[in-house]
There are 2 protein chains.
Amino acid sequence: MDATAPQSPAGLRTTPSWLLNQTASHAGRLLAEGFAAHDLRGYHYRLLAALAEDGPASQADLGRRCGIDRSDVVAAVNDLAGRGLVIRAPDPADRRRNVISLTDTGADEAHRMTDTVTRVQDDLLAPLSTAERAELTRLLTRLLDHHTRR
Amino acid sequence: MDATAPQSPAGLRTTPSWLLNQTASHAGRLLAEGFAAHDLRGYHYRLLAALAEDGPASQADLGRRCGIDRSDVVAAVNDLAGRGLVIRAPDPADRRRNVISLTDTGADEAHRMTDTVTRVQDDLLAPLSTAERAELTRLLTRLLDHHTRR
DNA sequence: AACCAACGTTGGTGATGCCAACGTAGCACG
DNA sequence: CGTGCTACGTTGGCATCACCAACGTTGGTT
């Protein structure tokens, strides 16, 4: 279209890993914009969503569920606790653990974040039909399954 | 499958942006491993590939073609030039510009990197049939097109 | 001549994803 | 019982990717 603003080299542009990277990075941008409205970031959302869905958990469990490193969970939980969205309490049954639970405010925020994420999905998938969205989800899920349970 | 190693919350796991992020991040890991064998990183590959495909270019052009910020191009070109993979020469026709060209060694390395990347694609797409790979590529390309030419 | 735009460069910032190390606490085995 | 292994939370660090602001230099336009 524009001779002065050429696209990526064809060898890159048609490469699946490049396409994945670019689309994911676009999705990430849209998500980050959505999260910014809540003054939160990706890590925070993942934790809130996990807590809203599966209930209280230890930090280590949360990390495993969300694919976040233990050390990064610490910082994110610090943020969330500082805003009163979660409570960190020692586990009486295992004194190594902290039990993280949603507060009422946290549960509300989790819902609002989920709404935001849902809107972003629609933005992201706008050019695809319902069938195509399902197909894309299917293909990605298959890829992920294959590479996760190795 | 394993009660002690639960997967991500369902609300995350089935979300397209999450699937994209996870698969892309897996692809990134595979790529990074491949690149590490060449002792190079993603930015380096993109630049080498662009140069190999479209010939010498200014740093600004390279940046636009590869989706890399001008300032990051500087550092990457420094690395590549330091290893003798590219040459940085002032453009006689426009003294603001540097013309970046592949050396012979650089062209060789570009080929080897391309081979590596090709192998990674096969690893990545292993669970998909040829038709499915094409479909995935088609869907991702459509998404990307829609979100780039805004 | 005056202005504005583009270029390369320097020097930041932030998000994400890792890894190593430490002290504390639970657990299993001898 | 103690000894050793493992898990936990925490601190601190690192690398990559992506972006932005500012500066001086150079080209082009008016």
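Any value given below was found using the heavy atoms of this structure, including those in side chains, with hydrogens, waters and symmetry copies removed.
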Subject >> Contacts of type side chain to side chain donor-acceptor pair (under 3.5 Å), residue A:Arg70, not counting sequence neighbours >> reply: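 Counting only residues at least two positions away or on another chain, A:Arg70 forms no side chain to side chain donor-acceptor pair (under 3.5 Å).
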
Original post:
In chain order, what residues pass the side chain to side chain donor-acceptor pair (under 3.5 Å) check against B:Ser71, with sequence neighbours excluded?
Top reply: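 With sequence neighbours excluded, B:Ser71 shows a side chain to side chain donor-acceptor pair (under 3.5 Å) to B:Asp69, given in chain and number order.
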
**OP:** Could you list by number each residue of residues 110-127 of chain A showing a heavy-atom separation from DNA chain D of less than 4.0 Å, or answer none if no residue does?
**Re:**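 When residues 110-127 of chain A is checked for heavy atoms under 4.0 Å from DNA chain D, there are no hits whatsoever.
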
Original post:
Where along residues 68-93 of chain A does a heavy atom come under 4.0 Å from DNA chain D, residue by residue in number order?
Top reply: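 Those residues are A:Arg70, A:Ser71, A:Val74, A:Arg88.
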
Subject >> Where chain B begins and ends its contact with DNA chain D, read 5' to 3' at 4.0 Å from heavy atoms >> reply: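 Both ends considered, the range comes out as D:dT16 to D:dG27.
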
**OP:** Mind checking side-chain contact (heavy atoms from CB on, under 4.5 Å) for B:Ser129 and listing every partner two or more places apart, or none if nothing turns up?
**Re:**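 Partners of B:Ser129 under the side-chain contact (heavy atoms from CB on, under 4.5 Å) test: B:Ala131, B:Glu132.
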
Subject >> side-chain contact (heavy atoms from CB on, under 4.5 Å) partners of B:Glu135, counting only residues at least two apart >> reply: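 Expected list: A:Glu135, A:Leu139, B:Arg138, B:Leu139.
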
Atom [atom1] of [X] to atom [atom2] of [N]: distance rounded to whole Å?
X: A:Arg41; N: C:dG17; atom1: CZ; atom2: C1'; answer: 13 Å
X: B:Glu33; N: C:dC18; atom1: CD; atom2: P; answer: 11 Å
X: A:Gln59; N: C:dT24; atom1: CD; atom2: C1'; answer: 14 Å

Subject >> ring-ring contact (aromatic ring centres under 6.0 Å, His included) partners of B:Phe35, counting only residues at least two apart >> reply: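 Scan of B:Phe35 (ring-ring contact (aromatic ring centres under 6.0 Å, His included), adjacent residues dropped) gives B:Tyr45.
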
Subject >> Helix axis bend for the helix from C:dA1-D:dT30 to C:dG30-D:dC1 - C1'-based end axes, five pairs, 10° rounding >> reply: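 About 10°, once rounded to a multiple of 10°.
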
Can you list, pair by pair, the side-chain donor-acceptor contacts under 3.5 Å of residues 107-114 of chain B, counting residues two or more places apart and other chains?
from, atom 1, to, atom 2, distance (Å)
B:Glu109, OE1, B:His38, ND1, 2.8
B:Glu109, OE1, B:Arg112, NE, 3.4
B:His111, ND1, B:Ala107, O, 3.2
B:Thr114, OG1, B:Ala110, O, 2.9

**OP:** Decide yes or no on side-chain hydrogen bond (donor to acceptor under 3.5 Å, both in side chains) for B:Ser17 and A:Gln121, but give the supporting numbers first.
**Re:** CA-CA 7 Å; B:Ser17 65; A:Gln121 305 307 310; 2.8 Å; yes

Original post:
In chain order, what residues pass the salt bridge (Lys or Arg N to Asp or Glu O under 4.0 Å) check against B:Arg88, with sequence neighbours excluded?
Top reply: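 Scan of B:Arg88 (salt bridge (Lys or Arg N to Asp or Glu O under 4.0 Å), adjacent residues dropped) gives none.
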
**OP:** Name the residue closer to the 5' end of DNA chain D, choosing between A:Ser25 and A:Val99 according to the nucleotide with the nearest heavy atom.
**Re:**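 The residue mapped nearer the 5' terminus is A:Val99.
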
In terms of side-chain geometry, is the basic nitrogen of [X] or [Y] positioned less than 4.0 Å from the acidic oxygen of its partner?
X: A:Arg133; Y: A:Asp122; value: yes
X: A:Arg96; Y: A:Asp91; value: no
X: A:Asp61; Y: A:Arg97; value: no

**OP:** Indicate, with a heavy-atom threshold strictly under 4.0 Å, whether A:Ser58 touches base, sugar-phosphate, or nothing.
**Re:**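 It contacts sugar-phosphate atoms only.
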
**OP:** Just call it for A:Gly42: base, sugar-phosphate, or nothing, with non-hydrogen atoms closer than 4.0 Å on any strand.
**Re:**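 Sugar-phosphate contact only.
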
Original post:
Within the structure, does a side-chain N or O atom of A:Arg96 lie under 4.0 Å from either OP1 or OP2 of C:dG23?
Top reply: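 False: A:Arg96 side-chain N/O out of range (4.0 Å or more) of C:dG23 OP1/OP2.
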
Residues 80-87 of chain B side chain polar contacts: donor-acceptor under 3.5 Å, at least two apart:
from, atom 1, to, atom 2, distance (Å)
B:Arg83, NH2, B:Asp39, O, 2.6
B:Arg83, NH2, B:Asp39, OD2, 2.7

**OP:** Give the intermediate values and the outcome of side-chain contact (heavy atoms from CB on, under 4.5 Å) for residues A:Thr116 and A:Leu31.
**Re:** CA-CA 8 Å; A:Thr116 296; A:Leu31 274 182; over 6 Å; no

